[in-house]
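Structure first, then comments.
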Amino acid sequence: MPVLRVMTYNLKGLKLDAAAAAAVVRAADPDVVGVQEPPRGPLGRWRLRRFARDAGLRVAVGHGGARTTALLVSPRAARVEDARAVRLPWFGPRERRTAWTRRGYALATVDGVRVVSVHLSLDRLERARHLSRILAEVEATPGPCVVVGDLNEQPGGETWGRLGTLLRDAHVAAVHDDAREALGVEGAAGRASGGSPAEPARTFSAVRPRRRIDAVLASPDLVPRGARVPDDDVARRASDHLPIVAELELPG
């Protein structure tokens with residue numbers, strides 16, 4: 001069955017080590033990358049294009065309404081359709097908005113899979129309202145869909161719960177499948193003695209990862225066949241987040 005390799009990566013505006021970040025992506029060899037915190041400012045578009053080129057990719061969606069998100073795709077992607085940026089509105093008291101980041105999301109259909117890159121707010125109420133807009137987009141999507149990004153919330157929170165009504169955590173599913181395969185016949189004994197599958201790796205901060213706030217969330221018709229968090233010296237100096245790379249088997 002065909003597989004789509006999806007990556008989510010908060011690049012910290014390429015402010016730490018852009019060459020290292022490109023090396024991390026190049027080594028992962030993804031079909032599509034959902035970016036959070038792409039470079040901004042007067043040279044932001046040019047810097048994102050150069051980063052994509054250095055990583056062996058091209059920009060499908062970047063800047064404009066996408067704001068703190070972008071989508072990069074591999075040259076081997078056969079079809080990239082309906083690629084667009086969606087601007088999200090500000091919510092909350094006007095006096096608080098000056099301290100907030102304007103947000104949006106990037107989406108495209110890559111080889112038949114709808115890919116949405118999100119970077120949710122640090123503010124709980126704004127995060128919830130933006131999520132309602134994004135979930136409406138997901139519900140309106142016919143066929144397979146994957147949402148990737150920085151949720152700015154740990155598992156067990158409201159955001160994860162609401163996304164879980166439509167999508168499943170590909171990292172958890174892949175890790176648990178790998179654990180079951182590794183345990184084999186011994187799995188039943190391990191469970192009986194209190195053993196449990198390994199938990200997915202944490203993604204923030206890169207130097208000392210203690211929180212899992214980044215995610216790859218896939219519709220039920222996409223089967224997670226593997227997921228990992230690159231966590232070597234290069235990844236730790238490239239950004240303040242570690243990326244997630246997930247292999248998703250496409251429906252037949």
Side-chain (D150) to main-chain (H119) donor-acceptor, under 3.5 angstrom: no

Summary of side-chain hydrogen bond (donor to acceptor under 3.5 Å, both in side chains) pairs that have at least one residue in residues 42-56, sequence neighbours excluded: none

Between R162 and S132, a side-chain donor and acceptor under 3.5 Å: yes

D123 with R103: basic N within carboxylate O range, under 4.0 Å: no

Backbone N/O of R79 and side chain of D111: donor-acceptor pair under 3.5 Å: yes

Sidechain N-carboxylate O distance under 4.0 Å for E126, R102: no

Short side-chain to backbone donor-acceptor contact, S117 and G149, under 3.5 Å: no

Any donor-acceptor N/O pair, T69 side chain to A106 backbone, under 3.5 Å: yes

Going by atom type alone, with no hydrogens or angles, which donor-acceptor pairs under 3.5 Å involve a side-chain atom of residues 15-25 and a protein atom two or more places apart or on another chain?
unit_1: D17; atom_1: OD1; unit_2: A19; atom_2: N; d: 3.3
unit_1: D17; atom_1: OD1; unit_2: A20; atom_2: N; d: 3.0
unit_1: D17; atom_1: OD2; unit_2: R237; atom_2: NE; d: 3.2

Side-chain (H130) to main-chain (V118) donor-acceptor, under 3.5 angstrom: no

Sidechain-backbone polar pair: S219 side chain, C145 backbone, donor-acceptor under 3.5 Å: yes

Under 3.5 Å: donor-acceptor pair, side chain of R228, backbone of V245: no

V80 to A60 - nearest heavy-atom pair and separation: CG1-CB, 4.2 Å

Positive for side-chain contact (heavy atoms from CB on, under 4.5 Å) with E37, one of L14, N10, T101: N10

Residues T8 and Q36: side-chain donor-acceptor under 3.5 angstrom: yes

E81 side chain vs T109 backbone, donor-acceptor pair below 3.5 Å: no

